[in-house]
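Attaching a single structure in structure tokens format; questions to follow.
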Amino acid sequence: MLSAGSNMGDTVAHLSAVVRAVGGELVAVSGVYATPPWGGVEQADFHNITLIADGPRDAPGWLELCRELERDADRVRDIRWGPRTLDVDVITVDDRGVVLSDDPELTLPHPRAAERAFVLVPWLEIEPGARLWTAGGPRPIAELIAALPREEVAAVTRILPGAAVPSLPDWVR
Ligand SMILES: Nc1ncnc2c1ncn2[C@@H]1O[C@H](COP(=O)(O)OP(=O)(O)OP(=O)(O)O)[C@@H](O)[C@H]1O
Ligand SMILES: Nc1nc2c(c(=O)[nH]1)N=C(CO)CN2
């Protein structure tokens, strides 16, 4: 499961490029959500999506794709959790069972996913029964969302629809 966010430039074009790059390995893509910035840096709202992909890449291979996409969007690494053209994170990898990693280069599941309504809400749209591996074991993402501050969850609003793959949503150009 991948999560992508953008709050600089043509945000929908940046997210669209992610969907295009996943191409034939795309299993599902959420709608586009407007989300208030998470992490305490004052900045514009983000647009976020989540995607499920299935293909021959292993976990480092998915991270490589994320980095390539960020590079293609001329992403500049500046302020942590600050504004960016494109951020693509690997949230979970399943390879005949959930992949766990505490490598700082690729930590799996993504260590902050459970705290982020901008990841969990779009994920729930495309995989309502999903579970996320936490320190306390696997937890349904619906339960993780219910544990977040209500106003944080309510502020994550879908502005453009998803579509049933193999059709792509209209915003994918
Ligand atoms: N699951 C993961 N997905 C993406 N990057 C990861 C993951 N785990 C570790 N990283 C590492 O994190 C580094 C910094 O990533 P990045 O600059 O995108 O962080 P960030 O988006 O500011 O913060 P966050 O990781 O909280 O979303 C990457 O170079 C990557 O090696
Ligand atoms: N709403 C939202 N907030 C963020 C996002 C993001 O994609 N969406 N990405 C960040 C970088 O890690 C920091 N904060």
Side-chain angles (χ1 to χ4, degrees), residues 1-19 21-22 29-53 55 57-95 97-126 130-135 138 141 144-145 148-160 171:
M1 207 288 276
L2 306 178
S3 160
S6 169
N7 74 343
M8 287 175 77
D10 187 342
T11 53
V12 173
H14 294 311
L15 299 177
S16 175
V18 177
V19 180
V22 172
V29 58
S30 71
V32 176
Y33 288 74
T35 68
W38 180 99
V41 178
E42 216 172 289
Q43 57 187 314
D45 280 3
F46 278 77
H47 288 151
N48 282 98
I49 59 171
T50 57
L51 311 92
I52 297 173
R57 289 171 194 268
D58 57 5
W62 289 111
L63 179 66
E64 188 47 42
L65 175 67
C66 295
R67 287 179 169 164
E68 263 170 47
L69 287 163
E70 292 175 353
R71 261 197 310 271
D72 290 349
D74 297 325
R75 151 91 177 266
V76 178
R77 276 178 208 283
D78 193 356
I79 307 167
R80 189 179 192 207
W81 297 334
R84 53 205 56 207
T85 51
L86 185 63
D87 182 33
V88 192
D89 289 334
V90 186
I91 304 299
T92 58
V93 176
D94 226 286
D95 189 5
V98 65
V99 177
L100 303 179
S101 161
D102 60 6
D103 179 352
E105 281 285 304
L106 179 58
T107 310
L108 289 172
H110 189 290
R112 287 165 288 284
E115 305 158 40
R116 293 178 165 176
F118 73 80
V119 172
L120 298 175
V121 172
W123 186 6
L124 188 74
E125 176 193 333
I126 55 175
R131 287 166 180 260
L132 178 66
W133 194 273
T134 68
I141 61 171
L144 296 173
I145 292 171
L148 290 177
R150 191 182 291 259
E151 58 287 358
E152 255 178 65
V153 174
V156 170
T157 50
R158 190 166 61 180
I159 57 161
L160 292 169
W171 52 266

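Model, not experiment: these values are computed from the prediction. Counting convention: from 1, in listed order, for ligands and their atoms alike. Just so you know, residue 1 is the first one in the sequence shown, and it goes up from there.
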Among R84, H110, R116, closest by any non-hydrogen atom to atom 26 (O) of ligand 1: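 Selected option, by shortest heavy-atom distance: R116.
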
Please check if the side chain of D89 supplies one atom and the backbone of I91 the other of a donor-acceptor pair under 3.5 Å.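 No, the answer is negative, given that no donor and acceptor are paired below the 3.5 Å cut-off.
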
Numbered atoms and elements of ligand 1 in range of W81, under 4.0 angstrom, heavy atoms: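 Counting from 1, the qualifying ligand atoms are 22 (O), 23 (O), 24 (P), 26 (O).
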
Please compare S3, P104, P111 and report which has the shortest non-hydrogen distance to atom 12 (O) of ligand 1.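 Looking at heavy atoms only, the winner is P104.
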
Answer whether the closest heavy-atom distance between the side chains of V119 and N48 falls below 4.5 Å.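 Answer no - side chains too far apart.
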
Checking T107 side chain against D102 main chain: does a donor-acceptor pair fall under 3.5 Å?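 Not confirmed, T107 side chain does not pair with D102 backbone.
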
Between D87 and ligand 1, which residue portion shows a heavy-atom distance shorter than 4.0 Å: side chain, backbone, both, or neither?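 Within the 4.0 Å criterion, D87 contacts ligand 1 through side-chain atoms alone.
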
Evaluate P36 for polar contact with ligand 2, using N/O atom pairs at a separation under 3.5 Å.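 Right, the criterion is met.
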
Element-labelled atoms of ligand 2 that are located less than 4.0 Å from some non-hydrogen atom of D87: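 Near D87, the atoms of ligand 2 are 9 (N), 11 (C), 12 (O).
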
Less than 3.5 Å apart, any donor N or O on the side chain of T11 or H47 sitting next to an acceptor on the other?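 Indeed, the side chains of T11 and H47 share at least one donor-acceptor pair under 3.5 Å.
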
Is the backbone of T50 close enough, under 3.5 Å, to the side chain of S30 for a donor and an acceptor to pair up by distance?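 Checking the backbone N and O of T50 against the side chain of S30, a donor-acceptor pair under 3.5 Å is found.
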
For ligand 2, is there an atom lying under 4.0 Å from some heavy atom of R84?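 Yes.
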
Out of curiosity, T134 OG1 to L144 CG, how far, rounded to the nearest 0.5 Å?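 Separation between the atoms: 6.5 Å.
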
Does an N or O from S6, backbone or side chain, lie closer than 3.5 Å to an N or O of ligand 2?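 S6 vs ligand 2: no N/O contact under 3.5 Å.
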
Nitrogen or oxygen of V90 less than 3.5 angstrom from that of ligand 1: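 Looking only at distances, the answer is yes, because the N/O contact criterion of under 3.5 Å is met.
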
Considering non-hydrogen atoms of the protein only, which is the closest contact for atom 13 (C) of ligand 2, and what is the distance?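 Its nearest protein heavy-atom neighbour is W38 O, 3.5 Å.
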
Parallel, tilted or perpendicular: rings of F118 and F46 (30°, 60°):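 Taking F118 first and then F46, their aromatic rings lie parallel (interplane angle under 30°).
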
Under 4.0 Å to a heavy atom of G5 - the qualifying atoms of ligand 2, by number: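 So the answer, numbered in order with elements, is 7 (O).
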
Need the ligand 2 atom indices (1-based, order shown) with element for anything under 4.0 Å from a heavy-atom of P37.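 So the answer, numbered in order with elements, is 1 (N), 3 (N).
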
Location of contacts on W81 toward ligand 2, heavy atoms closer than 4.0 Å: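 The answer is both, backbone and side chain.
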
Atoms in ligand 1 with a heavy atom of L63 nearer than 4.0 Å: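 Selected atoms, number and element: 4 (C), 5 (N).
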
Under 4.0 Å between a side-chain nitrogen and a carboxylate oxygen: does that hold for E68 and R57?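 Here E68 does not pair with R57 in a salt bridge, since their nearest N and O are not under 4.0 Å apart.
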
Looking just at side-chain N and O atoms, do D74 and T85 make a donor-acceptor pair shorter than 3.5 Å?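 Result is no, nothing qualifies.
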
For atom 8 (N) of ligand 2, what is the closest protein heavy atom, and at what distance to 0.1 Å?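 Looking at atom 8 (N) of ligand 2, the protein heavy atom closest to it is N48 OD1, 2.9 Å.
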
So which of E105, R112, R67 gets nearest to atom 25 (O) of ligand 1, if we judge by its closest heavy atom?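 The nearest heavy atom belongs to R112.
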
Counting N and O atoms only, with roles assigned by atom type, does the side chain of E125 sit under 3.5 Å from a partner on the main chain of G31, one being a donor and the other an acceptor?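 Pair found, side chain donor or acceptor close to backbone of G31.
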
